[in-house]
There are 2 protein chains.
Amino acid sequence: MTVVTLPSSRRSRPSPRRREPEIIEAAARVFAERGFHGATTQDIADVLGIRQASLYYYFPSKEGALELVCLQGVGGFFEVAKAIASGPGTAADKLTRLIKSHLSPLTDRSDFVRVFLNERQHLPPESRRRIGKWSRGLEQAFESVLKEGVRRGEFRSDLDTRLAVLGILGMANAVANWYRAEEVAIDRVSAEFARLLVAGVAKRPKPRRRSIAARRSGR
Amino acid sequence: MTVVTLPSSRRSRPSPRRREPEIIEAAARVFAERGFHGATTQDIADVLGIRQASLYYYFPSKEGALELVCLQGVGGFFEVAKAIASGPGTAADKLTRLIKSHLSPLTDRSDFVRVFLNERQHLPPESRRRIGKWSRGLEQAFESVLKEGVRRGEFRSDLDTRLAVLGILGMANAVANWYRAEEVAIDRVSAEFARLLVAGVAKRPKPRRRSIAARRSGR
DNA sequence: GGCGCTGTCTATAGCTCAATAGGTAGAATT
DNA sequence: AATTCTACCTATTGAGCTATAGACAGCGCC
């Protein structure tokens with residue numbers, strides 16, 4: 001005999017919140033445009049055409065909304081980067097793919113990315129640390145590829161990999177701030193930057209010996 | 001500094017606002033740390049050990065303070081860059097010097113630079129445009145050097161100079177955000193970045209000998 | 001056809017903050 | 001000695017903002 005399965009259970013589906021994606025996107029847009037502290041909940045409500053107080057049906061606080069936006073700003077990033085870094089290919093090839101994949105979300109999620117990059121510092125300490133792990137993981141993915149390149153002799157042996165990572169990410173992250181104004185496709189940016197950076201870290205053709213590239217393990 | 005008293009002038013401007021530099025520096029520090037909208041005038045007053053209302057003896061509004069900080073954040077930059085760009089030397093050499101001079105203010109004025117880079121968007125439209133001219137001038141200095149390099153055959157002929165400028169400035173400007181946390185001297189950063197970027201834009205191998213990498217680029 | 005749930009509303013509490021008004025001690029000037 | 005000016009102060013106003021409280025319309029469901 002089946003016990004009546006709580007038709008109106010408190011444990012039933014928490015809350016559908018059908019429009020939540022739409023609400024978070026509006027928040028992302030407003031935060032990206034005006035900055036977290038420069039934006040008001042009223043601004044977000046205006047974008048959606050609802051009342052300011054109605055927003056609190058969807059998020060518990062303004063800071064909560066920021067966290068949701070930031071989470072979507074890094075979402076998946078790190079996993080993809082890690083997969084590329086530990087996957088097959090030359091270091092130069094991997095670096096190129098890392099850059100491409102790092103920039104690709106800008107085509108359709110630039111607001112989320114911008115908020116993550118520029119506003120995450122205003123998160124309460126706890127969630128900031130939680131999200132900070134993603135960032136550091138990403139840096140490590142890049143750095144491991146650079147180190148691999150150095151080890152294999154593809155890249156300059158005196159390369160400061162830490163500085164190079166910071167430089168590469170600086171260059172790449174800045175794209176979020178101008179790519180709408182400049183009229184240019186992300187793929188073109190990725191390609192140009194990848195080429196520039198790979199050439200920048202590559203070992204110069206000083207040694208006329210063909211040894212290094214051929215020296216890779218196996219074969 | 002003791003003021004030399006002007007003999008017979010009631011129009012003399014005695015010594016107005018002696019502490020102004022100190023006040024603006026405090027504002028820069030607070031704006032850099034918390035962002036313009038995240039900072040309160042009370043925060044600035046706390047740094048100085050004076051009352052919040054007393055600040056209005058030195059600036060007319062919070063936005064006015066931001067403008068003063070931003071002005072000092074770009075101060076002189078552009079002139080120096082222009083001088084380098086139109087001066088003597090190879091393009092690679094000039095690019096190196098541009099990067100060095102672009103990063104050098106970070107040693108002692110990083111707060112001002114950070115505020116200029118991150119908060120200038122919150123200026124009222126008028127002063128933002130006024131300050132925006134400085135930025136564009138700087139971009140042009142970099143771009144003219146890149147174009148010169150291409151023209152002279154130092155740099156790749158298919159280099160997208162606009163994207164390269166944006167990339168270079170992105171890489172360089174990001175330094176302001178991490179160089180305190182990372183323990184590294186600015187000179188080292190300049191040197192590493194300059195080397196990386198010059199190699200990145202340079203025409204591949206000096207075509208004196210056949211090299212392995214040569215067949216990659218155009219032929 | 002009453003019930004509960006979702007998604008919105010109105011109204012407002014409670015607080016923070018920029019900015020103004022007006023006062024004054026003390027140094028500098030006359 | 002009187003006056004002026006600098007560099008603060010106290011007190012307060014008024015606006016704007018986040019967040020809460022509580023009502024309720026429509027809908028799907030037994």
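Each chain gets a letter, A, B and so on, in the order its sequence line appears, and its residues count up from 1.
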What is the distance, rounded to the nearest whole Å, between atom OH of A:Tyr56 and atom P of D:dG22? 18 Å
What are the residues of residues 61-70 of chain A, sorted by number, that bring a heavy atom to within less than 4.0 Å of DNA chain C? none
Step-by-step salt bridge (charged side-chain N to carboxylate O under 4.0 Å, His left out) determination, A:Lys147 to A:Glu143: CA-CA 6 Å; A:Lys147 283 191 165 142; A:Glu143 187 154 9; 3.7 Å; yes
Centroid-to-centroid, A:Phe142 to A:His102, below 6.0 Å? yes
Quick one: do B:Arg128 and B:Glu67 make a salt bridge, cutoff under 4.0 Å? no
Heavy atoms only: give me the nearest A:Thr41-A:Gln52 pair and the separation to one decimal. OG1-NE2, 3.1 Å
Please report the distance, rounded to the nearest Å, between CD in A:Glu22 and P in C:dG7. 12 Å
Examine D:dC8: is either OP1 or OP2 under 4.0 Å from a nitrogen or oxygen in the side chain of B:Tyr57? Give yes or no. no
Could you give me the CA-CA distance, side-chain angles and deciding distance for B:Asp160 and A:Arg195, then say whether salt bridge (charged side-chain N to carboxylate O under 4.0 Å, His left out) is met? CA-CA 11 Å; B:Asp160 184 324; A:Arg195 194 170 168 195; over 6 Å; no
Can you check salt bridge (charged side-chain N to carboxylate O under 4.0 Å, His left out) on A:Arg156 and B:Glu192, steps first, answer last? CA-CA 12 Å; A:Arg156 276 166 30 211; B:Glu192 185 75 37; 2.8 Å; yes
Would you say a side-chain N or O of B:Tyr58 is under 4.0 Å from OP1 or OP2 of D:dT6? no
B:Ser104 to B:Ser101 - nearest heavy-atom pair and separation: OG-O, 3.1 Å
Mind running a 4.0 Å heavy-atom check of residues 35-53 of chain B against DNA chain C and sending the residues that fall below it, in number order? B:Ala39, B:Thr40, B:Thr41, B:Gln52, B:Ala53
How close or far is atom P of D:dC17 from atom CG of A:Leu55, stated in whole angstroms? 14 Å
Counting only side-chain N and O atoms of B:Ser54, is one of them less than 4.0 Å from OP1 or OP2 of D:dA7? no
Roughly how many Å is it from CZ in A:Phe59 to P in C:dT8, rounded to a whole number? 13 Å
Under 30°, 30 to 60°, or over 60°: which ring-plane class applies to A:His37 and A:His122, parallel, tilted or perpendicular? perpendicular
